[in-house]
Amino acid sequence: MVDLHGQYLRLQTEIDAAIQEVITNSAYINGPQVKQFATELADYLHVPYLIPCGNGTDALQIALMALDLEPGDEVIVPAFTYIAAVEAVALLGLTPVAVDVDPETFNIDVQKAAEAITPRTRAIVPVHLFGQCCDMEPLLALAAKHTLYVIEDDAQSIGSRYSFSDGRVQMSGTMGHIAITSFFPSKPLACYGDGGAMITSDEKLAERMRMIANHGQQQKYHHRMIGCNSRLDTLQAAILSVKLKHLNAFHAARQQVARRYTEAFHAIEGFISPTEADYSTHIYHQYTIRVKEGKRDALQAYLKEKGIPSMIYYPLPVHQQEAYSRIIKWAEQPRKAEQLCDSVLSLPIHTEMTTDEQDYIIETIHRYAFN
Ligand SMILES: *Cc1c(COP(=O)(O)O)cnc(C)c1O
């Protein structure tokens, strides 16, 4: 699905030098590279505050902790997503409320979110899934109307851009009160282990999140808040600074593969290529197709037989997960999310794909679909 080694070999000189510098200086925790990377990524996103942390799941938890929500407060999450947001909400004693998604974009359906709002709703977590922004303009309007916090989950879409109706364009992860991202090795901006960050334009929230991530202290051994220990390693920060320079090129490489796929699969019956919403760019963290009812698993088995990996992101909606089925609430059963779980299939897409590899995947799928 990804070629991490191939990408390393292409960037080897830069990466090796960055790693060597950290080891030579031996400042493994909070070395100068951490601050430097945080500044560089904040500049890339055009935001004032970016606080690195241990991983994207920690980032979600720290973001929620910074908001001072009360147990039992409701947080709206998409029903079709990676589990991290639901997990952080539940861990803090808050109530996750699952809302259906738009099957065209896989992202939260803002109308359904509106219908799920109750007097206890305090926040909403738009997850920008697979590389494209949620429809933020109506979502932000809804949140403003009901005084809800917006926490963007930008783990899969960092670098995608949202266009507002007045022509304004903003980077994903810069529109809500807080955004989080992950630098897990397969993510669009990735390190060689775990890493994550919280992003905000709000100075007070930035200060609180920085404190929470550092044991709730500003001054050493003086703990003002209940916190945790969540840091980005210096080594990972050094690697990320190198990768950030290539981020737009990474996006372009995946976008080119996606264009070829979409052209090639256009006429295949029973296949639906991903939709590009007119309000967002798509960086194709995943190229996720929808396969006609009942045909997905057979296609996946066939691809496997031909040596082509594929993945089901995600096989279960959050409200059907064993750990959450009893605590999660919904206003209306998220049926579209349930249907997606039975029809989605993500094909290989990454920065190192050769034309030959793309051709092989395209031809193999054509042979299957037309037989
Ligand atoms: C990967 C991911 C996370 C969690 O990131 P980790 O760094 O693995 O904790 C959160 N949300 C989404 C949408 C993700 O894809």
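In listed order, ligands and their atoms are each counted from 1. Index from 1, following the sequence.
The only member of V99, V101, D102 that meets side chain to side chain contact (heavy atoms under 4.5 Å, CB included) when paired with K112 is V99. Checking each of Y284, F271, Y287 against Y261 for a ring pair (Phe, Tyr, Trp, His ring centres under 6.0 Å) leaves exactly one that passes, namely Y287. None of Q7, H251, E14 except one satisfies the side-chain hydrogen bond (donor to acceptor under 3.5 Å, both in side chains) rule with H246; the exception is E14.
Contact of the I23 side chain with the Y28 side chain is registered, since non-hydrogen atoms from C-beta on lie closer than 4.5 Å.
With sequence neighbours excluded, the residues that form a side-chain hydrogen bond (donor to acceptor under 3.5 Å, both in side chains) with T275 are E104.
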Could you pull out the N/O contacts under 3.5 angstrom between ligand 1 and the surrounding protein atoms?
from	atom 1	to	atom 2	distance (Å)
ligand 1	5 (O)	S182	OG	3.3
ligand 1	7 (O)	G56	N	2.7
ligand 1	7 (O)	S182	OG	2.7
ligand 1	9 (O)	N55	OD1	3.4
ligand 1	9 (O)	G56	N	3.3
ligand 1	9 (O)	T57	N	2.8
ligand 1	9 (O)	T57	OG1	2.5
ligand 1	11 (N)	D153	OD1	3.3
ligand 1	11 (N)	D153	OD2	2.6
ligand 1	15 (O)	Q156	NE2	2.8
ligand 1	15 (O)	K187	NZ	2.8

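We find that D359 and R260 are joined by a salt bridge, their nearest charged nitrogen and carboxylate oxygen being less than 4.0 Å apart.
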